[in-house]
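The block underneath contains the structure these notes are about, expressed in structure tokens.
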Protein chains: 2
Amino acid sequence: MATSTVENYLKHILLLSEAGAAGALVPMGGLAAALAVVPGTATTMAKSLADAGLIEHRPRHGVRLTAEGRRVALNVLRKHRLVETFLVNVLKMDWSTVHPEAERLEHAISDEVLDRLDALLGHPATDPHGDPIPSAQGKLSTEVHATLATCATARPLRVVRVTEQSAEFLHFAEKNGLAPGATVRVTGRNLTAGLVTVKKNAGRPLALSLAAAGKILVTPVRG
Amino acid sequence: MATSTVENYLKHILLLSEAGAAGALVPMGGLAAALAVVPGTATTMAKSLADAGLIEHRPRHGVRLTAEGRRVALNVLRKHRLVETFLVNVLKMDWSTVHPEAERLEHAISDEVLDRLDALLGHPATDPHGDPIPSAQGKLSTEVHATLATCATARPLRVVRVTEQSAEFLHFAEKNGLAPGATVRVTGRNLTAGLVTVKKNAGRPLALSLAAAGKILVTPVRG
DNA sequence: AGATTCATTTTGACTAATCAAAATAACCGT
DNA sequence: ACGGTTATTTTGATTAGTCAAAATGAATCT
Ligand SMILES: [Mn+2]
Ligand SMILES: [Mn+2]
Ligand SMILES: [Mn+2]
Ligand SMILES: [Mn+2]
């Protein structure tokens with residue numbers, strides 16, 4: 001069985017490669033940063049993961065998951081996101097606090113428990129943050145969404161995902177009605193000032209930095 | 001934070017000391033066996049737990065939990081048994097398979113999740129095996145029960161606890177109507193042959209070894 | 001009491017995971 | 001094509017946890 005450490009490396013390689021261009025190598029620097037280890041540690045680990053056939057390591061360039069590594073990573077990610085969903089939907093925990101819990105639980109639950117959680121929750125497609133939950137068959141939705149920093153202005157939008165796990169940001173998003181499911185409109189965007197203004201249906205306008213706006217993924221409201 | 005290893009050592013010291021005489025030292029041999037490590041490993045660990053103030057180590061004699069060690073051990077045991085209860089009552093898993101799951105989950109859930117599970121389950125007093133769940137305040141029921149090997153014969157009894165976690169034995173107990181809640185009577189007991197015969201209300205008699213019978217704890221049926 | 005047995009501790013070695021700091025290779029701008 | 005900047009890898013050391021096997025102490029049995 002893969003250790004928690006190995007699972008974390010694989011999961012983060014998956015997340016970083018999903019974030020980057022298709023087929024691109026994940027550089028060691030980014031991986032080390034994501035795992036909060038020093039670069040040399042990531043290199044050492046990369047060598048051993050490559051020996052185990054879980055990743056492909058192009059020295060000095062980066063790493064990529066093998067088919068087997070991807071399978072393991074998707075399983076861990078599925079556990080992570082289903083656990084978050086369970087903690088919020090069943091235990092009624094706040095969506096801003098469940099990430100660190102899931103970070104540990106993802107390594108502790110069996111596939112059997114995973115399946116039962118999935119059934120209990122009604123086979124959800126996304127977790128409380130709108131992050132897609134890999135299917136039992138290992139399919140991970142790659143649907144690409146606009147963000148408050150890039151979407152069309154003036155038209156009504158539905159928030160579908162918040163790509164940040166810090167409690168601070170999640171609290172802020174919730175407090176300001178920017179949690180998944182909410183409806184908003186972008187009323188202004190100033191690229192040079194790096195500022196985005198949004199408005200809730202009947203609310204006061206809210207200003208966001210481009211960086212913050214880029215973390216709120218939206219889709220045009222059907223209608 | 002205590003590592004999983006430390007938590008396991010403390011939990012097993014607690015279980016062994018509850019099993020033995022009050023105030024008695026837990027010998028290293030038993031501890032090593034319970035943890036499935038070689039005796040030297042247990043000794044090494046005992047020294048470091050003693051340094052951390054979690055146990056008292058009388059070299060060549062055994063170990064005992066300090067107040068702080070007991071507090072940690074009870075918290076882990078509470079997590080273990082509440083997790084087992086959750087897995088059986090909510091996820092509908094078989095009582096014979098939940099122990100190994102809980103063995104890992106007990107180290108992964110926070111006190112926050114623990115409290116919410118406890119509330120979700122309605123503050124249960126015992127887990128699916130009848131094992132008492134330590135209270136949030138750290139009280140562990142020490143109620144002592146008769147077993148099928150020691151109880152009065154002929155009179156109707158209620159099974160209250162099964163003190164074995166192997167799937168084999170639990171399966172056997174369930175298949176033969178000896179799970180907690182069941183009603184039985186001891187129809188015969190031959191100490192020299194080491195055999196106990198029990199009968200379910202309207203069932204065929206069942207023969208058990210004294211060793212097996214000693215693992216089924218019972219209480220006289222109120223009437 | 002003395003010798004034997006048994007449990008416990010010690011010693012030396014190993015694996016997984018990590019860091020600090022030095023060495024090295026790739027990249028980039030001129 | 002060269003030199004400098006930056007990312008990556010190497011090297012040497014550390015910590016937690018473990019085992020095998022030798023050494024030691026406690027207990028038991030004549
Ligand atoms: Mn994790
Ligand atoms: Mn999430
Ligand atoms: Mn455990
Ligand atoms: Mn139990």
From the list D:dG17, C:dA17, D:dA27, which nucleotide is the closest neighbour of the side chain of B:His61?
-> D:dA27

Ignoring hydrogens and geometry, is there a side-chain-to-backbone donor-acceptor pair from A:His107 to A:Glu7 under 3.5 Å?
-> no

Hey, is the main chain of B:Leu65 close enough, under 3.5 Å, to the side chain of B:Arg70 for a donor-acceptor pair?
-> no

Is there a side-chain polar atom (N or O) of B:His57 under 4.0 Å from OP1 or OP2 of C:dT9?
-> yes

Atom pair distance, as rounded to whole Å: NE2 in B:His12 and P in D:dG17 | 16 Å

Closest nucleotide among D:dT10, D:dA16, C:dT9 to the A:Thr44 side chain | D:dT10

Side-chain heavy-atom pair A:Thr126, A:Asp131 within 4.5 angstrom cut-off | no

Under 4.0 Å: is that the gap between some side-chain N or O of B:Thr3 and OP1 or OP2 of D:dG17?
-> yes

Compare the minimum distances between each of D:dG17, D:dT9, C:dT8 and the side chain of A:Arg60, then state the nucleotide with the smallest one.
-> D:dT9

To the nearest angstrom, the NE2-C1' distance between A:His107 and C:dA16 comes to 15 Å

Considering only heavy atoms from C-beta outward, does the side chain of B:Leu178 approach that of B:Val162 to under 4.5 Å?
-> no

For the pair A:His80 and A:His99, name the ring-plane relationship: parallel under 30°, tilted 30 to 60°, perpendicular over 60°.
-> tilted

Rounded to the Å, how far apart are B:Met28 CE and D:dA26 C1'?
-> 16 Å

B:Thr5 side-chain N/O to D:dA16 phosphate OP1/OP2 under 4.0 Å | no

What is the nucleic acid contact for A:Gly29, judged by heavy atoms within less than 4.0 Å: base, sugar-phosphate only, or nothing?
-> sugar-phosphate

Taking only side-chain nitrogens and oxygens of B:Thr41, does any of them come within less than 4.0 Å of OP1 or OP2 of D:dT18?
-> no

Rounding to a whole Å, what distance do you find between B:Leu54:CG and D:dA16:P?
-> 14 Å

Using atom CZ of B:Arg58 as one end and atom P of D:dA27 as the other, report the distance to the nearest whole Å.
-> 10 Å

Please report, rounded to the nearest Å, how far the P atom of D:dA27 is from the CG atom of B:Leu25.
-> 12 Å

Please state whether the phosphate of D:dT18, meaning OP1 or OP2, lies under 4.0 angstrom from any side-chain nitrogen or oxygen of B:Tyr9.
-> yes

A:Met45 side-chain proximity, nearest of D:dC19, C:dA17, C:dT10 = C:dA17

To the nearest angstrom, how far is B:Leu35 atom CG from D:dG17 atom C1'?
-> 12 Å

Please report, rounded to the nearest Å, how far the P atom of C:dT9 is from the CG atom of B:Leu31.
-> 10 Å

